[in-house]
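Data block below; observations after.
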Amino acid sequence: MSLKSDFLTILDTRGFIHQATDLEGLDTLLTQEPITAYIGFDATARSFHVGSLVQIMVLYWLQQTGNRPLVLMGGATTKIGDPTGKDESRKLLSEEEIRENIEKLSTIFSRALTFGKGPKDALLLNNDAWIDSLNYSSFLRDYGTHFTINRMLTFESVRLRLEREHPMTFLEFNYMILQAYDFLELYKKYGCCVQIGGVDQWGNIINGVELVRRVTHKTVYGLTTPLITTASGAKMGKTAQGAVWLNADLLSPFEYWQFWRNTEDKDVGRFLRLFTTLPLDEIERLEKLEGAEINEAKKVLADKATAFIHGEKAAQEARETAHKLFETTQANYQESSLPTLMLTQEELEKGAPILDLFCRLGLTSSKGEARRLIEGGGARLNDTPIQNELSVITATSFQDGSPLKLSAGKKRHGLITKP
RNA sequence: GGAGGGGUGGCCGAGCGGUCAAAGGCAGCAGACUGUAAAUCUGCCGACGAACGUCUACGCAGGUUCGAAUCCUGCCCCCUCCA
């Protein structure tokens, strides 16, 4: 099928579309008038990770093509989704946590989207605003009639749990109803007619689409994005440190840059399409590079992806640090984005144990790990393998006054400076 | 409420009185080869300690024993079937 609208054409050619309720209908609508669409986000963590990046990119393109994005933070649904908070004080605390999470999560959108009060400006919403005040009996009477258990049982998420004989609580069962209600609310308040989400959200999205139709007799649309895996089949987003967070306080821009730089060859083209805004013909050129040349494409990917989240300046710095680290022998890392540790005068006199320094720089999580690293030959000081696990850093270790580079393997480095 | 099964390291999963810091797999880390890639091969993979070693860990709390992940008692949680 050939798509006519800018938005769907971009989504399609860049690989964002997994399935949709009525792609043609949505396409037609998009060519007629600007629309409002939303994506819901959970507030369970303090930061998004690359898994959510697909969704964020979709919102970006939505706004770029002249439509209005709504970012819905699931303040209320997150609260309900976690049934462990039983006693009163904990519940209060977790509400507090959710608030903090939402605050932190929201910062990510400011670079990708333009917020404001204009017709095309993005809005940040929290479903707390309407779900918290729902009255159980009237909610049941008004909306409960639109959901049949028969239908709900056929949804993938439910069916799988039942087939595997995994328990599913009534609470979880209700989650999808509340999410459907979100859609209805957004449709009524903001004229929002599209919900977008990951493949796992398909069932929930369908429910929303149907609820809106039953209540208002209007057609709204659902669209899902594919689950992004690496060419080797692994779920995206794991590094040595854990998840690939988007917030800089959890993962430095340099490490973020490195994550993209280390993309597998086979993924470069796909990732350039998904996670950068480079023109398609440029991407086609880049992905044709072969052998070692494809590294240039990976650098572009890293630059653009980092700039999108952390800004041009941070991307530039990350690139320079990487260049110094991997492509030259020069040792001036002062301006780098590597973890840095300054020793005290006292430590320099007494000698700082190398094992401690590995831990303090976050290169290893225990002294034992640092010890094993040295035994295995993966530990280096200024690119010279460390032989003795008992060595110490003293004032004389700084030969020319520049920082010392401590490395765990070839890719993880930290700097040690003296006062 | 009754009967039965089960809770082991990041995950899966063996062990069922000493040889268990706990097989095997996955994930992870490092080394070799390369291109800061993939694949492959090798090593490592609880903490502390320079080291003999010490401590903490097999749902929780006690107990039996020279000795317990393994046996007993109580509690908590999960699953299956029955009411």
Side-chain angles (χ1 to χ4, degrees), chain A residues 49 83-84 86-87 160-169 172 229-244 252-272 286-303 305-306 315 318-329 333 336-338 351-356 358-381 383-392 405-414:
Chain A
H49 49 84
T84 51
K86 274 168 192 147
D87 64 307
L160 276 177
R161 297 278 280 275
L162 292 178
E163 271 172 16
R164 290 183 192 158
E165 303 191 330
H166 281 253
M168 170 159 222
T169 65
E172 292 171 284
T229 54
T230 65
S232 340
K235 213 171 177 179
M236 246 181 90
K238 287 280 184 180
T239 62
Q241 326 298 326
V244 180
S252 72
F254 173 69
E255 288 171 286
Y256 189 75
W257 193 93
Q258 281 296 314
F259 169 75
W260 294 107
R261 173 62 246 266
N262 286 306
T263 298
E264 291 178 34
D265 288 6
K266 289 177 182 169
D267 289 327
V268 172
R270 196 160 51 101
F271 285 3
L272 278 167
L286 286 170
E287 71 182 337
K288 281 199 189 104
L289 297 173
E290 281 185 11
E293 290 197 343
I294 195 141
N295 284 331
E296 290 312 308
K298 292 185 190 181
K299 284 179 204 165
V300 174
L301 171 63
D303 281 349
T306 305
R319 182 181 191 140
E320 275 165 27
T321 301
H323 179 72
K324 283 180 188 169
L325 223 39
F326 293 104
E327 296 172 11
T328 70
T329 49
Y333 299 111
S336 71
S337 10
L338 297 174
I354 205 92
L355 294 177
D356 286 336
F358 271 106
C359 294
R360 284 162 68 188
L361 279 167
L363 295 173
T364 61
S365 57
S366 71
K367 287 190 210 173
E369 196 183 322
R371 193 172 284 130
R372 281 179 236 121
L373 189 71
I374 292 171
E375 280 165 17
R380 271 181 290 272
L381 180 65
D383 298 319
T384 310
I386 298 170
Q387 308 287 344
N388 184 358
E389 59 185 60
L390 296 177
S391 33
V392 293
K405 181 173 69 167
L406 205 57
S407 314
K410 287 180 181 137
K411 295 186 192 171
R412 286 147 59 225
H413 309 274

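These figures come from a predicted structure and were not determined experimentally. Residue numbering restarts at 1 for every chain, and letters A, B, ... go by the order of the sequence lines.
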How close or far is atom P of rA30(B) from atom CG of L363(A), stated in whole angstroms? 10 Å

On RNA chain B, compare the nucleotides closest to G291(A) and G378(A); which residue's is nearer the 5' end? G378(A)

Closest non-hydrogen atom pair, G414(A) against L363(A): N-CD1, 4.1 Å

Could you encode protein contacts along nucleotides 41-50 of chain B as a string, one character per nucleotide from 5' to 3', using B for base contact, S for sugar-phosphate-only contact and - for no contact, with a heavy-atom cut-off of under 4.0 Å? ---SS-SSBS

For the atom pair CD1 (I374(A)) and CG (N388(A)), what is the distance rounded to the nearest 0.5 Å? 8.0 Å

Of all the heavy-atom pairs spanning L272(A) and A297(A), show the shortest one and how long it is. CD2-O, 4.4 Å

Between rA83(B) and rA22(B), how far apart are the C1' atoms? Round to whole Å, please. 42 Å

With rounding to the closest Å, how many angstrom separate the C1' atoms on rC11(B) and rU80(B)? 24 Å

Between rG67(B) and rC77(B), how far apart are the C1' atoms? Round to whole Å, please. 30 Å

Residue list, side-chain contact (heavy atoms from CB on, under 4.5 Å) with A315(A), at least two apart or on another chain: T306(A), A307(A)

Between D267(A) (side chain only) and T263(A) (backbone N and O only), is there a donor and an acceptor less than 3.5 Å apart? no

What integer number of Å spans the P atoms of rG24(B) and rG15(B)? 14 Å

Gap in Å between the two C1' atoms, one belonging to rU34(B) and one to rC41(B), rounded: 14 Å

What's the CD-P distance between E296(A) and rA37(B), to the nearest Å? 15 Å

Could you write out each protein N or O paired with an N or O of nucleotides 52-57 of chain B at a distance under 3.5 Å?
none

Categorize T263(A) for me: base, sugar-phosphate, or nothing, with a 4.0 angstrom heavy-atom threshold over every strand shown. sugar-phosphate

Note every stem involving RNA chain B: at least three consecutive Watson-Crick or G-U wobble pairs, i with j then i+1 with j-1, with both distances under 3.5 Å. B:1-7 with B:76-82, B:10-12 with B:24-26, B:28-32 with B:40-44, B:46-48 with B:53-55, B:59-63 with B:71-75

Can a salt bridge be assigned to the pair K299(A) and E327(A) using a cut-off of 4.0 Å between side-chain N and carboxylate O? yes

Rounded to whole Å, how long is the line connecting atom NZ of K266(A) with atom P of rG35(B)? 19 Å

From N295(A) atom CG to R261(A) atom CZ, the distance as rounded to the nearest 0.5 Å: 4.0 Å

Please measure how far the C1' atom in rC60(B) lies from the corresponding atom in rU8(B), and state the result in whole Å. 15 Å

May I have the distance from R380(A) (atom CZ) to rU36(B) (atom C1'), rounded to whole angstrom? 12 Å

Partners passing side-chain contact (heavy atoms from CB on, under 4.5 Å) against K367(A) (at least two apart in sequence or in another chain): L355(A), D356(A), C359(A)

Regarding A408(A), tell me which of base, sugar-phosphate or nothing describes its non-hydrogen contacts under 4.0 Å with the strands shown. sugar-phosphate

Within this structure, what is the CG-to-C1' distance between D267(A) and rG35(B), rounded to whole angstrom? 16 Å

Starting at CZ of F358(A), measure out to OG of S407(A) and round the result to the nearest 0.5 Å. 7.5 Å

Euclidean distance, atom CH2 of residue W260(A) to atom P of rA37(B) [Å, nearest integer]: 17 Å

Look at the side-chain N and O atoms of K299(A) and state whether any lies under 4.0 Å from the OP1 or OP2 oxygen of rA37(B). no

Need to verify one output field. Residue with the more 5' nearest nucleotide on RNA chain B, G376(A) or W257(A)? G376(A)

Using atom C1' in both nucleotides, what's the gap between rC45(B) and rG31(B) to the nearest angstrom? 15 Å

May I ask you to say what E375(A) touches in the nucleic acid, namely base, sugar-phosphate or nothing, with a heavy-atom cut-off under 4.0 Å? nothing

Decide yes or no for N262(A) and Q258(A): does some side-chain heavy atom of the first lie under 4.5 Å from some side-chain heavy atom of the second? yes

Please round to the nearest 0.5 Å and tell me the distance separating atom NE2 of H413(A) and atom OG1 of T321(A). 11.0 Å

Only pairs at least two apart or in different chains count here, so list each salt bridge (charged side-chain N to carboxylate O under 4.0 Å, His left out) that has a residue in residues 369-380 of chain A. R371(A)-E389(A)

Side-chain donor-acceptor pair present, D303(A), W257(A), cut-off under 3.5 Å: yes

Separation of atom CD in E264(A) from atom C1' in rA38(B), rounded to whole Å: 6 Å

If the C1' atom of rG9(B) is compared with that of rA21(B), how far apart are they to the nearest Å? 9 Å

Starting at CZ of R261(A) and ending at C1' of rG35(B), how long is that distance when rounded to a whole Å? 8 Å

